[in-house]
> 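I'd like to ask you about the structure that follows.
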Amino acid sequence: MGRHVVIVMVLVGLCLGNGARAAEGGGRYQPGALSAMALWVPDEEHFAVRLWFHHYEGTMADGTMAENAVPMSGGLASGVGTDEREWAVGLLWRPWWALAGDWTYAAALKLPYVTSEVTARSSANLRDANHAAESGLGDLELIPLMVSRSTAEYWRQQFRLSLIVPTGSYEPGRLANPGDNYWTLRPVFSLSYQEPALGQAFSLHAGIDIHSQNRATDYLSGIQASVESTLSQYVILLGGFTGIGISGYWTQQLTADSGDGARSGSFQGRSLGLGPVLSYRRFQAGGTLSGELKWLTTLDAQRQFDGEMLSFNLSFSY
């Protein structure tokens, strides 16, 4: 167990070191996204379907255009507020065969539909001066590689590689956009602990987002790192295993934003949040039913949205 604690400390140290988080439009990372995808993988060969709902509402630190200008779709805005809802469906395939070294393989995809409403106290070079609301398909997430294995009693590790494809609706100069108009490569490492006799569960997820350039705005968002962790206690309730716990996240940027469209410079910032989580898992003939309800609130934010996130997901594997 000591070796796994060392791994946890190293991962947290790498992602919580000196740095900042920034990205065009305030960033792509969704609090809770790393853990939600990692914990979806079935323990045995299955086909799984998952439904997501994600709601985030927050504001960027107010101030003058010069002090807190947020790069938005080729323009700038200050006093920005966002209200975003995402509905998504995900499909996962976990085949029966195993890889060398007792690794198991899975692949998945996630297709979102996004409603985005954005307000701004002031703006420049944007078609929508103070308010915009847009709905449409979001950016598709493809996960061609998800490998996992047990490393010790109750411990499991997982590595996955996601590719976020710019399939979402996007127009330069528009204050609100369901899509981001750039590609993102997201490698994620996860470490989990589950002790069934005591009902204790712990998970840690560390990921890095590597973006391509938004060619419509000549903006390259910097590489950003994110860490999420959850600690839960499970009891037998409602015909299955019901858990209550606490979840938190930290995200920050490792490199500066660049390109001719980066008019706010490196746009450095960070974000830290915490909140409760409820989970449920029920094993039944033909498959497994699981769900999670999570609420996170921002504890600290610098040049990042300060607000609250509510998410719910429901999955069935068979």
Side-chain angles (χ1 to χ4, degrees), residues 11-12 14-38 52-63 67-72 77-86 112 114-121 138 175-177 180 184 186 188 203-209 221-232 244-254 257 264 266-279 292-313:
L11 287 171
V12 173
L14 286 173
C15 290
L16 300 188
N18 292 331
R21 178 185 187 277
E24 185 179 14
R28 158 168 270 163
Y29 168 74
Q30 288 182 346
L34 302 186
S35 59
M37 191 64 73
W52 272 277
F53 172 72
H54 178 276
H55 178 215
Y56 185 84
E57 186 173 2
T59 57
M60 193 76 73
D62 203 358
E67 293 172 345
N68 292 290
V70 181
M72 305 282 291
S78 67
V80 178
T82 182
D83 188 338
E84 184 173 286
R85 291 172 171 83
E86 178 186 285
V114 178
T115 296
S116 177
E117 182 176 2
V118 179
T119 59
R121 186 175 54 82
L175 189 60
N177 278 299
D180 290 321
T184 296
R186 175 179 290 167
V188 179
S203 64
L204 176 77
H205 316 273
I208 294 178
D209 283 6
S221 298
I223 298 173
Q224 60 191 56
S226 305
V227 172
E228 296 176 10
S229 186
T230 300
L231 180 64
S232 297
I244 183 170
I246 188 168
S247 185
Y249 72 92
W250 175 286
T251 182
Q252 66 178 46
Q253 185 158 323
L254 304 180
D257 293 354
S264 295
S266 63
F267 195 58
Q268 294 181 346
R270 61 180 181 271
S271 180
L272 171 70
L274 191 70
V277 56
L278 291 174
S279 52
E292 182 185 76
L293 178 64
K294 180 182 293 185
W295 175 78
L296 295 171
T297 185
T298 305
L299 300 180
D300 178 63
Q302 178 183 335
R303 289 195 172 180
Q304 173 61 311
F305 285 108
D306 185 340
E308 298 179 348
M309 184 278 294
L310 178 68
S311 68
F312 173 76
N313 62 71

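Just so it is clear, the model here is predicted, and its values are computed rather than measured.
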> Using atom types as modelled and distance alone, determine if a side-chain donor or acceptor of Asp300 lies under 3.5 Å from a backbone N or O of Ser271.
no
> Quick check for you: to the nearest 0.5 Å, what is the distance between Arg186 atom CZ and Leu34 atom CG?
6.0 Å
> Could you please spell out the steps behind the side-chain contact (heavy atoms from CB on, under 4.5 Å) verdict for Leu296 and Lys294?
CA-CA 7 Å; Leu296 295 171; Lys294 180 182 293 185; 4.0 Å; yes
> Which heavy-atom pair separates Ser229 from Ser203 by the least distance, and what is that distance?
OG-O, 2.9 Å
> With a 3.5 Å cut-off and no angle check, do the side chains of Asp83 and His55 form a donor-acceptor pair?
yes
> Measuring from Thr297:OG1 to Leu272:CG, what's the distance to the nearest 0.5 Å?
10.5 Å
> On a heavy-atom basis, which atom in Ser116 and which in Glu84 lie closest, and how many Å separate them?
OG-OE1, 4.0 Å
> How long is the span from the CH2 atom in Trp295 to the CD atom in Glu308, to the nearest 0.5 Å?
5.0 Å
> Roughly how far apart are Met60 CE and Phe305 CZ, rounded to 0.5 Å?
4.0 Å
> To the nearest 0.5 Å, how far apart are OH in Tyr56 and CZ in Arg85?
14.0 Å
> Can you confirm whether more than 12 heavy atoms, excluding those of Ile244, are under 6.0 Å from its CD1 atom?
no
> Under 3.5 Å, is there a donor-acceptor pair between the Gln252 and Gln304 side chains?
no
> Show the numbers, then the answer: is there a side-chain contact (heavy atoms from CB on, under 4.5 Å) between Gln224 and Ile208?
CA-CA 6 Å; Gln224 60 191 56; Ile208 294 178; over 6 Å; no
> How about Met72 and Val118: do any of their side-chain heavy atoms sit closer than 4.5 Å?
yes
> At what distance, to the nearest 0.5 angstrom, does OG of Ser247 lie from NE2 of His205?
7.5 Å
> Could you please spell out the steps behind the side-chain contact (heavy atoms from CB on, under 4.5 Å) verdict for Leu204 and Thr230?
CA-CA 7 Å; Leu204 176 77; Thr230 300; over 6 Å; no
> Tell me, with the steps shown, if Val80 and Arg121 meet side-chain contact (heavy atoms from CB on, under 4.5 Å).
CA-CA 7 Å; Val80 178; Arg121 186 175 54 82; over 6 Å; no
> Keeping Ser226 on the side-chain end and Thr251 on the backbone end, is there a donor-acceptor pair under 3.5 Å?
no
> Just wondering, do Asp209 and Ile223 contact through their side chains at under 4.5 Å, heavy atoms?
no
> Ignoring hydrogens, what is the shortest heavy-atom contact between Gly138 and Val114? Give both atom names and the distance.
CA-CG2, 3.9 Å
> Can you give me the closest heavy-atom contact between Leu175 and Ala77, atom names plus distance?
CD1-CB, 4.4 Å
